[in-house]
Amino acid sequence: MNRQKNSTQRLVLTALFIAIVLLQSIIPWLGFIPINPMVRVTIIPFTVALGAMILGPKVGMLLGLVMGALSFYHAWTIPMGIGALMFRDPLVAFVPRMLGGIIIGWLYWRYVRQQQGAKHLVSMFMMGALTALINTVLVIMLTWIHFRIFNTTVAGLPNNVGIIWMFTSLAGANAVLEIFLDGVLSLLVGGPVLKAINKL
């Protein structure tokens, strides 16, 4: 009976996190903060990471898959921009988000879950920051690999040093903001949510 109850709870929570990711992908300022027309700070990876910390790396991978699918869809349907040029590549859209969910979920359940006090607070900030770092590093790396192997992006931009540096610089500027913001969100939101879930 308890096993069935736990299974139902996990299913409900998984559906809830998927719904949150969907809303964040649709509603500006809920999932991303536009800094200027070229730069948007994305906080959806934090939601993926929080789901992974609560429900484990498999659910983290599923949430990353949902986020990747939405990024891929938006990249082909919104007006052309730097993000669209990068995330039209399915590897760039899917792999960083899915791996982020897996890695954060595994690290939390393996090393952080049993921590208490100040050590747990520091670890929660690090989990959030690491979420943004994994996402940005993998996006930059996969974009660079695509340039080097195919000499172009999926959108057709040629392999040009200036273009590569433009992508890298914008992604790096995003990374600094996202690392800090996701760390703070993990500390202020993730910690209390995990505590409440564990009590339940």
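What's counted below: heavy atoms across the whole structure, side chains too, no hydrogens, waters or symmetry copies.
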Checking I104 against M53 for the side chain to side chain contact (heavy atoms under 4.5 Å, CB included) test, could you report, in this order, the C-alpha distance in whole Å, the side-chain angles of both residues, the deciding distance, and whether it holds? CA-CA 7 Å; I104 295 299; M53 287 188 276; 4.0 Å; yes

Between L30 and Q24, which heavy-atom pair has the shortest distance, and what is it? O-NE2, 3.2 Å

Just by modelled atom types, is the L55 backbone N or O under 3.5 Å from a matching donor or acceptor in the R10 side chain? yes

Which heavy-atom pair separates P45 from T131 by the least distance, and what is that distance? O-CG2, 3.2 Å

Donor-acceptor pair, T136 side chain versus A132 backbone, under 3.5 Å? yes

Would you compute the distance between atom CZ of R113 and atom NE2 of H120 and round it to the nearest 0.5 angstrom? 10.0 Å

I'd like to know if M127 and V137 are part of one continuous hydrophobic network [Ile/Leu/Val/Met/Phe/Trp/Tyr, side-chain heavy atoms within less than 4.5 Å]. yes

Could you work out, with side-chain hydrogen bond (donor to acceptor under 3.5 Å, both in side chains) as the rule, every residue matching S71, not counting sequence neighbours? R97

Do L181 and F46 make a side-chain contact, defined as non-hydrogen atoms from C-beta onward lying under 4.5 Å apart? no

Should I26 and I20 be regarded as members of a common hydrophobic cluster, given that ILVMFWY residues are connected when their side-chain heavy atoms come within less than 4.5 Å of each other, either directly or indirectly? no

If Ile, Leu, Val, Met, Phe, Trp and Tyr residues are connected whenever their side-chain heavy atoms lie under 4.5 Å apart, and connections chain through other members, are V122 and V184 in the same group? yes

Answer with yes or no after comparing the ring centroid distance for Y111 and W106 against a 6.0 Å cut-off, counting only values under it. yes

Taking all non-hydrogen atoms of both residues into account, name the closest pair between A52 and G101 and its distance. CB-O, 3.3 Å

Nearest 0.5 Å, what's the CG-CZ distance between L91 and F72? 10.0 Å

Tell me whether V193 is reachable from I43 by hopping between hydrophobic residues (I, L, V, M, F, W, Y) whose side-chain heavy atoms are closer than 4.5 Å. yes

Euclidean distance, L107 CG relative to L130 CG, rounded to 0.5 Å: 6.5 Å

Heavy atoms, side chains only, cut-off 4.5 Å: are I134 and P96 in contact? no

Test your reading of the model: is there a side-chain donor-acceptor pair from S123 to the backbone of V112, 3.5 Å cut-off? no

Nearest 0.5 angstrom please: L185 CG to T47 OG1, how far? 8.5 Å

What heavy-atom pair brings A93 and F87 nearest, and what distance separates the two atoms? CB-O, 3.6 Å

Side chains of F125 and L121: closer than 4.5 Å at any heavy-atom pair? no

The test is side chain to side chain contact (heavy atoms under 4.5 Å, CB included); show your working for V48 and F17 and say whether it passes. CA-CA 8 Å; V48 173; F17 272 101; over 6 Å; no

Can you get from M141 to V92 by hopping between Ile, Leu, Val, Met, Phe, Trp and Tyr side chains that sit under 4.5 Å apart? yes

Output for pair (I44 CD1, L70 CG), nearest 0.5 Å, gives 7.5 Å

By side-chain hydrogen bond (donor to acceptor under 3.5 Å, both in side chains), which residues pair with T14, not counting sequence neighbours? none

Mind listing the side-chain donor-acceptor pairs of residues 59-66 below 3.5 Å, one per line with the distance, residues two or more places apart or on another chain?
none

How many angstroms lie between atom CG of N135 and atom OG1 of T42, to the nearest 0.5 angstrom? 7.5 Å

Within-4.5 Å side-chain heavy-atom neighbours: Y108 and L194: yes

